[in-house]
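Let me give you the structure first, and then I'll get to my questions.
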Amino acid sequence: MCGIVAYVGGRQAYPVILKGLKRLEYRGYDSSGVALLDEELAVYKKKGKVAALEDSLVGKALQSRIGIGHTRWATHGEPSDRNAHPHLSASGKLAMIHNGIIENYAQLKQELLKKGYVFHSDTDTEVLLNFIDDIRENNHCSVEEAVRIALKRVVGAYVIVILDRDHPDTLIAARKGSPLVIGIGKGEHFLASDASPIIEYTKEVVYINDYELAIIRPDELILKNLGNETITPYVQKLDLELAAIEKGGFDHFMIKEIFEQPHTIFDCLRGRLELEQGRIRMKGVEEHMDRLMKADRIIIVACGTSWHAGLVAEYLFEELCRIPVEVEYASEFRYRNPVIRPGDVIIAISQSGETADTLVAIEKAKEQGALIFGVLNVVGSSIARASHAGAYTHAGPEIGVASTKAFTAQLAVLTMMAIKLGMEKGSIDAVRARHLLSELAEIPEKVRQLLENTEDIKRIALKYSKARDFLYLGRGYNFPVALEGALKLKEISYIHAEGYPAAEMKHGPIALVDDQLPVVFIATRDAYHEKIISNIQEIKARRGKVIAVVSEGDMVIPQMADDVIFVPSADEVVAPLLSVIPMQLLAYHIGVELGLDVDKPRNLAKSVTVE
Ligand code: M6R
């Protein structure tokens, strides 16, 4: 949530920052801004996407070897020029960018108002900045010292980067609960919310930890904790290529990422699924096998699409491992007083590894002795570092705000994990295990086949793009896919959609059905096939329009449905890996047909680092 970029070194800062902001725009695009320091400290900001800022600065001489930039997802204060970052302190000496929320900002603001401060925005950021500057002036101390003192009083999550008019070669940064990466170049440093703005300049990076403060100059990076003790930076090598964060000839990141799925699922299985030996190798699982096998209960915590992957996992672990599973919205779990027992295992699922609710939820569970296992995409992310063990999904950077390839990679990891545990526990026999392994191994090729012909999905998207509402229905493993289909459509097209278990529909949502309502049935062949056929009949009897996703070779449902999408046949355990792809494509093509920005849907951001 919000993207930050900063630079100090020998280059012109503005082009580096602008390019970085474009890469981070997926984190928020309500407004953007830069602060540059040459002879003067100058701040430029604009409501809207980064392109609006860029246009407003055409023709300006923006000389500076140091600068900070920000792309905002609004929390405190509406999207506007005045609420855009960077903010300037009342003294005019400091400019600051911030990602996160200062929870006690109202109290700090009252204190500053009493001292006569006047605020020019509605943001918590301007309050924190003036709080820091006030400490600096009153204590006659350095900005670094003022930050240290201020942060001891701050409640909330933050990454801040400060540019000080009196120190044109120094940036001060600090973090708690939001990500910050520092790229180390030759005589230069790059700061960003993730590695994408840094990758083309250097592969050497340092991830800043919570409660750490960095003093950054062209040739120097000093890390300290809030107690002013120096910490040795841990320099890591980035395993990321520039091509992975570019569109590569596709119109949008979302469609590129949908089409990457044969490879991303393959990459996820590679080195883990050993078909010939009939086994799965997962280091994170093996290291904690005893605890996982003896788990009294698995609690899955996640948000959004990752929560839907968790729901599929509930079916997987209960069926294949006979372990009871609860799937929790991280945001609810963290504020409840959940009963967590020593025998519980928590699985945290997150693409970004930065989702604030998920992070806090696992920290709470950890305090109570649970084993935390992360299923994560971003290497070195906050949740990865807070977990005891885990498995990466290896889907590569996901830039489209709507999650696609990360979801299928999560399913691949969770399916492997469930099969492996089931085999170890003996809750699935060798024949079934072998069958599932080969079904899983065939998925990348089946996804490739499915993506070979998407014309029908485009046609259906066009036909229903003016609908006001959609209903998505599925049973068993395909129920979470129905939820995911509805979420994708809402996010990308702004069309109201609801996902429901197909059988539950008659307890309420059926009242919505009329001859205008498209109802998407995810009805691939499984144990409930006859049942879902009855549900389709119930919709047809009320003149609803049925769009059915069915297995190749199905001769029955195509006779009843208005429109049909075929997917390759597969065992129901792995079917969601296939049936979700038409959901992604349907949402994408409807969004494009409606002329919407599918990569950056309104009001959303990729990493939700605020609660
Ligand atoms: O990074 P995470 O997987 O933790 O993110 C969770 C949700 O914010 C995310 O899945 C969100 O729902 C996506 N926009 C869905 O497309």
Side-chain angles (χ1 to χ4, degrees), residues 1-3 25-29 73 177-179 193-194 252-255 257-258 261 300-313 327-334 346-362 372 374-387 390-393 395-411 413-414 472 480-481 483-494 497 499 580-581 583-588 591 596-611:
M1 216 118 247
C2 300
E25 212 174 4
Y26 71 89
R27 301 177 68 91
Y29 29 85
W73 186 84
S178 293
S193 300
D194 72 28
H252 300 99
F253 281 109
M254 182 176 175
I255 192 73
E257 288 159 5
I258 291 173
Q261 289 175 108
I300 298 176
V301 291
C303 303
T305 288
S306 298
W307 186 79
H308 297 155
L311 283 183
V312 176
V327 189
E328 300 274 359
Y329 285 115
S331 54
E332 287 299 314
F333 182 80
R334 64 179 283 196
I346 308 285
I347 300 182
I349 308 174
S350 174
Q351 185 286 127
S352 62
E354 300 295 345
T355 300
D357 286 324
T358 310
L359 183 59
V360 177
I362 62 168
I372 314 293
V375 175
L376 308 162
N377 196 35
V378 178
V379 177
S381 54
S382 301
I383 299 177
R385 284 180 289 150
S387 301
Y392 284 117
T393 49
E398 190 180 64
I399 296 176
V401 165
S403 189
T404 53
K405 63 176 181 172
F407 178 73
T408 45
Q410 288 165 348
L411 294 188
V413 164
L414 292 161
Y472 284 74
V481 177
L483 294 179
E484 176 61 6
L487 177 63
K488 286 288 89 89
L489 189 73
K490 280 182 273 204
E491 285 186 290
I492 299 304
S493 71
Y494 317 149
V580 75
I581 288 167
M583 306 296 103
Q584 301 168 346
L585 286 164
L586 196 61
Y588 172 78
L596 300 169
D597 187 345
V598 293
D599 279 341
K600 299 186 210 91
R602 71 181 178 208
N603 303 338
L604 290 172
K606 184 75 184 163
S607 303
V608 184
T609 54
V610 296
E611 65 172 280

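The chain is numbered in sequence order, starting from 1. Indexing begins at 1, ligand by ligand and atom by atom, following the structure's order.
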* Could you tell me whether E25 and K600 make a salt bridge, using a distance below 4.0 angstrom between a side-chain N and a carboxylate O? => yes
* Asked: Quick one: does E257's side chain have a donor or acceptor within less than 3.5 Å of a partner on T404's backbone?
  -> no
* Asked: Quick one: does E354's side chain get under 4.5 Å of S178's, heavy atoms only?
  -> no
Considering only distance and modelled atom types, tabulate donor-acceptor pairs under 3.5 Å from the side chains of residues 327-334, sequence neighbours left out.
{"residue": "E328", "atom": "OE1", "partner": "R336", "partner atom": "NH1", "Å": "2.8"}
{"residue": "E328", "atom": "OE2", "partner": "R336", "partner atom": "NH2", "Å": "3.0"}
{"residue": "R334", "atom": "NH1", "partner": "D357", "partner atom": "OD1", "Å": "2.6"}

* Asked: Considering only heavy atoms from C-beta outward, does the side chain of Y472 approach that of M583 to under 4.5 Å?
  -> yes
* Decide yes or no for T358 and C303: does some side-chain heavy atom of the first lie under 4.5 Å from some side-chain heavy atom of the second? => yes
* What residues come within 4.0 Å of ligand 1, counting heavy atoms only? ->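 For ligand 1, the contacting residues are C303, G304, T305, S306, S350, Q351, S352, T355, V401, A402, S403, K488, E491, V608.
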